[in-house]
Amino acid sequence: MKYGKIKKKKDFRKILSTGKRAYGGTLTVVYLPAKEPSMAVCVGKKYGKSVERNRIKRLLREAFRAQAEKVGSPYAFLLIPKVSETYSFEGFRKDIGGIFKREKLEDG
RNA sequence: CGAGCGGACUACGCGGUCGCGGCGCAAGAAAUUGCGGUGAGGAAAGUCCGGGCAUCACAGGGCAGGACGCCUGAUAACGUCAGGUGAAGGCGACUUUAAGGAAAGUGCAACAGAAAUAGACAACCGCUUCCGCUUUGCGGAGACGGUUCAGGUGGAAAGGCGAGGCAAAAGCUCACCGACGGGACGGUAACGCCCCGUGCCAUGUAAACCCCGUCCGAUGCAAGUUUGGGUCUCUCUCAUAUGGGUUGCCCGCCCGAGGGAGUACCGUGAAUAACGCUGGAGCCUAUCGGUGACGGUAGGCGUAGAUAAAUGACCGCGCUCGACAGAACCCGGCUUAUAGGUCCGCUCGUAUU
RNA sequence: GGCCUUGUGGUCAAGCGGUUAAGACGGCGCCCUCUCACGGCGCAAUCCCGGGUUCGAUUCCCGGCAAGGUCA
């Protein structure tokens with residue numbers, strides 16, 4: 001399934017206020033049923049300089065991509081990482097997988 | 001071998017699988033799919049300068065304000081760079097340097113010190129008057145005249161140092177050094193060097209105000225352009241220069257501004273849109289001119305253009321185990337951050353030949 | 001991305017190149033009191049950091065760092 005980008009400020013507000021929250025060790029996932037599958041990562045200035053922020057975004061997208069195939073129905077996802085010293089691909093991947101399993105979003 | 005100086009370069013590499021942003025080609029009505037190729041830096045950073053570019057009822061004058069400041073050159077331009085001069089530091093290679101003017105004027109110089117820009121007081125000496133005494137003299141006080149040496153204070157005390165000179169002294173005189181004025185020579189110039197003269201008067205601070213010289217219109221791609229409607233009619237409010245725009249102010253110049261209703265046509269998307277948006281003062285190689293910055297000529301190259309914003313994950317191999325760090329209109333610089341590695345030129349010390 | 005502003009005890013803040021760096025609130029110590037409060041006395045500042053100009057810099061100049069504002 002192809003995931004689009006969430007861009008509009010209105011959409012962000014809607015998901016953050018009405019969406020369901022799921023917490024993992026390294027990040028928080030906010031999601032809402034939607035017509036088209038979409039996702040976004042939230043990495044503000046508190047996470048560091050631009051190099052560091054870009055790295056977090058890449059890791060999150062890649063980890064999400066590795067797990068997204070399991071989700072059957074369309075949802076809008078927001079991924080919000082927690083501030084820490086180091087960020088790892090493996091940690092994000094396991095947390096996202098665990099959240100999908102717990103929230104019963106996986107297909108079948 | 002040890003210590004050091006200057007300059008240049010590099011910024012993990014290779015192979016696979018999956019994935020991302022532009023571009024090209026093909027397919028498709030379209031969404032999209034497939035293939036190919038391409039995709040961050042030396043600082044992309046800070047936004048400290050300069051320029052291009054764009055807009056402002058063209059950009060005119062004056063004031064204010066700002067920047068720069070040894071000389072010559074380079075450049076589109078610069079506060080940058082190159083070469084040189086002076087000064088300071090280092091044994092040296094070399095490094096640093098906002099380096100015009102203090103006899104245009106104003107301000108400031110705490111504390112200390114007799115005194116802070118120059119007068120007084122104190123001190124030293126001469127002469128004279130008075131007083132005292134141990135009476136060819138010595139001491140004390142006062143008037144007049146000469147002088148600023150020494151001591152102490154200070155960042156700085158009126159050219160320095162040595163000799164002569166004098167009642168005591170002082171560039172009063174002399175040698176050397178410095179300063180100032182004039183001249184010759186060398187250099188495009190800053191300046192250097194030599195000669196002659198003047199006994200010498202002018203404290204510091206201009207990164208205090210300021211003076212002199214040179215330069216600057218303002219605003220910045222969130223600039224701005226296009227579509228978002230156009231034309232006509234009616235009407236309302238403010239205004240006739242005492243308004244609005246143009247640079248902070250003045251002059252000058254330019255101009256009415258905003259809203260509502262109706263009708264005909266176009267359009268249905270209205271801001272998260274498109275353009276600006278990357279081919280350029282471009283990069284590489286060779287050669288010529290120049291000490292050099294740089295410039296000329298010839299050949300070659302095609303080299304990110306995103307907009308919640310693209311480079312990542314995993315596996316294998318190698319090693320020195322990988323620093324600082326991510327384009328956002330574009331260039332030239334400066335400044336700041338930066339693990340390690342490579343190369344070139346040079347200095348000092350020690351030892352050997 | 002562009003353009004600006006500000007950094008002084010814990011907080012809010014004054015500060016004409018020479019100050020013992022004002023003042024208020026708060027904190028700590030001592031005195032006063034049987035005790036607390038009030039009151040009195042005292043203490044606590046790398047003037048954000050690094051250079052430079054100057055005899056002397058919180059102040060002037062240059063470069064960093066941090067915080068904040070503003071422009072569609």
Side-chain angles (χ1 to χ4, degrees):
Chain A
M1 201 179 297
K2 182 80 180 174
Y3 278 82
K5 288 175 184 169
I6 301 168
K7 297 180 180 178
K8 294 189 182 179
K9 207 168 191 173
K10 224 174 13 179
D11 295 344
F12 273 84
R13 279 216 201 88
K14 188 180 171 194
I15 296 166
L16 282 168
S17 56
T18 64
K20 242 193 126 187
R21 282 161 198 263
Y23 304 95
T26 59
L27 80 165
T28 302
V29 177
V30 185
Y31 66 97
L32 200 65
K35 287 181 185 172
E36 295 290 324
S38 59
M39 64 83 70
V41 295
C42 300
V43 183
K45 279 216 169 165
K46 64 177 175 180
Y47 295 92
K49 294 192 172 187
S50 56
V51 168
E52 187 64 20
R53 295 200 303 271
N54 279 345
R55 168 135 190 101
I56 294 167
K57 287 191 252 182
R58 284 173 196 144
L59 291 173
L60 276 176
R61 288 204 201 94
E62 185 64 25
F64 179 80
R65 197 177 61 82
Q67 301 289 345
E69 303 158 357
K70 300 175 183 171
V71 180
S73 37
Y75 285 97
F77 288 102
L78 285 186
L79 309 186
I80 305 166
K82 292 188 177 173
V83 177
S84 82
E85 297 270 311
T86 56
Y87 302 89
S88 75
F89 170 76
E90 201 52 32
F92 285 144
R93 195 181 65 77
K94 280 181 181 162
D95 269 350
I96 293 172
I99 285 168
F100 285 174
K101 208 168 194 176
R102 265 189 282 136
E103 300 291 321
K104 300 188 169 57
L105 299 173
E106 292 185 9
D107 206 9

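So you know, we letter chains A, B, ... as the sequences are listed, proteins then strands, and number each from 1. Predicted, not measured: the structure shown is a model, and the values here were computed from it.
The partner of B:G312 is B:C18, judged by Watson-Crick or G-U wobble contacts that both fall below 3.5 Å. The partner of C:G63 is C:C49, judged by Watson-Crick or G-U wobble contacts that both fall below 3.5 Å. Using Watson-Crick or G-U wobble geometry with both donor-acceptor distances under 3.5 Å, B:A93 finds no partner in any strand shown. Look at B:C166: it lacks any Watson-Crick or wobble partner with both distances under 3.5 angstrom. Pair assignment for B:C319 gives B:G322, based on Watson-Crick or G-U wobble hydrogen-bonding distances that are each under 3.5 Å. Judged by Watson-Crick or G-U wobble contacts below 3.5 Å, the nucleotide B:U80 has B:A74 as its partner. The partner of B:C25 is B:G34, by the rule that a Watson-Crick or G-U pair needs both atom distances under 3.5 Å. Here B:U231 sits opposite no nucleotide as a Watson-Crick or G-U wobble pair (both hydrogen-bonding atom distances under 3.5 Å).
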### Task
Could you please spell out the steps behind the side-chain contact (heavy atoms from CB on, under 4.5 Å) verdict for A:V41 and A:M39?
CA-CA 7 Å; A:V41 295; A:M39 64 83 70; 4.1 Å; yes
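Atom C1' of B:A325 sits at a distance of 8 Å from the matching atom of B:A337, rounded to the whole Å. When the P atom is compared between C:G42 and C:A24, the two are found 12 Å apart, to the nearest whole Å. Separating the P atom of B:G69 from that of B:C209 is a span of 16 Å, rounded to the nearest Å. Going from the P atom of B:G290 to that of B:U75 covers 16 Å, rounded to whole Å. Nucleotides B:U320 and B:U291 are separated by 49 Å at their P atoms, to the nearest Å. Going from the P atom of B:C194 to that of B:G86 covers 14 Å, rounded to whole Å. Between B:U96 and C:G52, the two P atoms lie 15 Å apart (nearest whole Å). Using P as the reference atom, B:G289 and B:G312 are 49 Å apart when rounded to the nearest Å.
Spacing between atom CG of A:N54 and atom C1' of B:U307 amounts to 14 Å, rounded to whole angstrom units. Rounded to whole angstrom, the span from the CZ atom of A:R53 across to the P atom of B:A45 amounts to 13 Å. Between A:R93 atom CZ and B:G19 atom C1' the separation is 15 Å, expressed in whole Å. The CZ atom of A:F64 sits 15 Å away from the C1' atom of B:C20 (whole-angstrom rounding). Rounded to whole Å, atom C1' of B:U311 lies 16 Å from atom CD of A:E52. The separation between A:K49 atom NZ and B:G46 atom C1' is 10 Å, rounded to whole Å.
In B:A40 the base sits syn relative to the sugar, since the glycosidic angle is no further than 90° from 0. In textbook terms, a nucleotide whose glycosidic angle is within 90° of 0 is syn, while B:G105, being further out, is anti. The glycosidic torsion of B:G22 lies within 90° of 0, which places this base in the syn conformation. Glycosidic conformation of C:U19: syn, with the torsion inside 90° of 0.
From A:K82, atom NZ reaches atom CG of A:L27 across 8.0 Å, with rounding to the nearest 0.5 Å. For the atom pair A:R93 CZ and A:L59 CG, the distance stands at 13.0 Å (nearest 0.5 Å).
Pairs passing the salt bridge (Lys or Arg N to Asp or Glu O under 4.0 Å) check and including a residue from residues 51-60 of chain A, sequence neighbours excluded, do not occur. Note on residues 28-53 of chain A: pairs passing ring-ring contact (aromatic ring centres under 6.0 Å, His included), not counting sequence neighbours, are A:Y31-A:Y75. Legend: salt bridge (Lys or Arg N to Asp or Glu O under 4.0 Å) pairs involving residues 17-32 of chain A, not counting sequence neighbours, sorted by first then second residue: A:K20-A:E103.
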Could you pull out the protein-nucleic contacts involving nucleotides 312-317 of chain B (nitrogen or oxygen on both sides, under 3.5 Å)?
from	atom 1	to	atom 2	distance (Å)
B:G312	O3'	A:R55	NH1	3.3
B:G312	N2	A:E62	OE1	3.4
B:G312	N2	A:E62	OE2	3.3
B:A313	OP1	A:R55	NH1	2.9
B:A313	OP1	A:R55	NH2	2.6

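For A:R65, the salt bridge (Lys or Arg N to Asp or Glu O under 4.0 Å) partners are A:E62, not counting sequence neighbours. A search for side chain to side chain contact (heavy atoms under 4.5 Å, CB included) contacts involving A:A40 returns A:I6, A:F12, A:L78, not counting sequence neighbours.
Across all strands shown, A:R61 has heavy atoms under 4.0 Å from sugar-phosphate atoms exclusively, and none from any base.
For A:K101, the NZ atom is loosely surrounded, since the number of other residues' heavy atoms within 6.0 Å does not exceed 12.
Take the nearest nucleotide of RNA chain B for A:S50 and for A:V41: the residue whose nucleotide is more 5' is A:V41.
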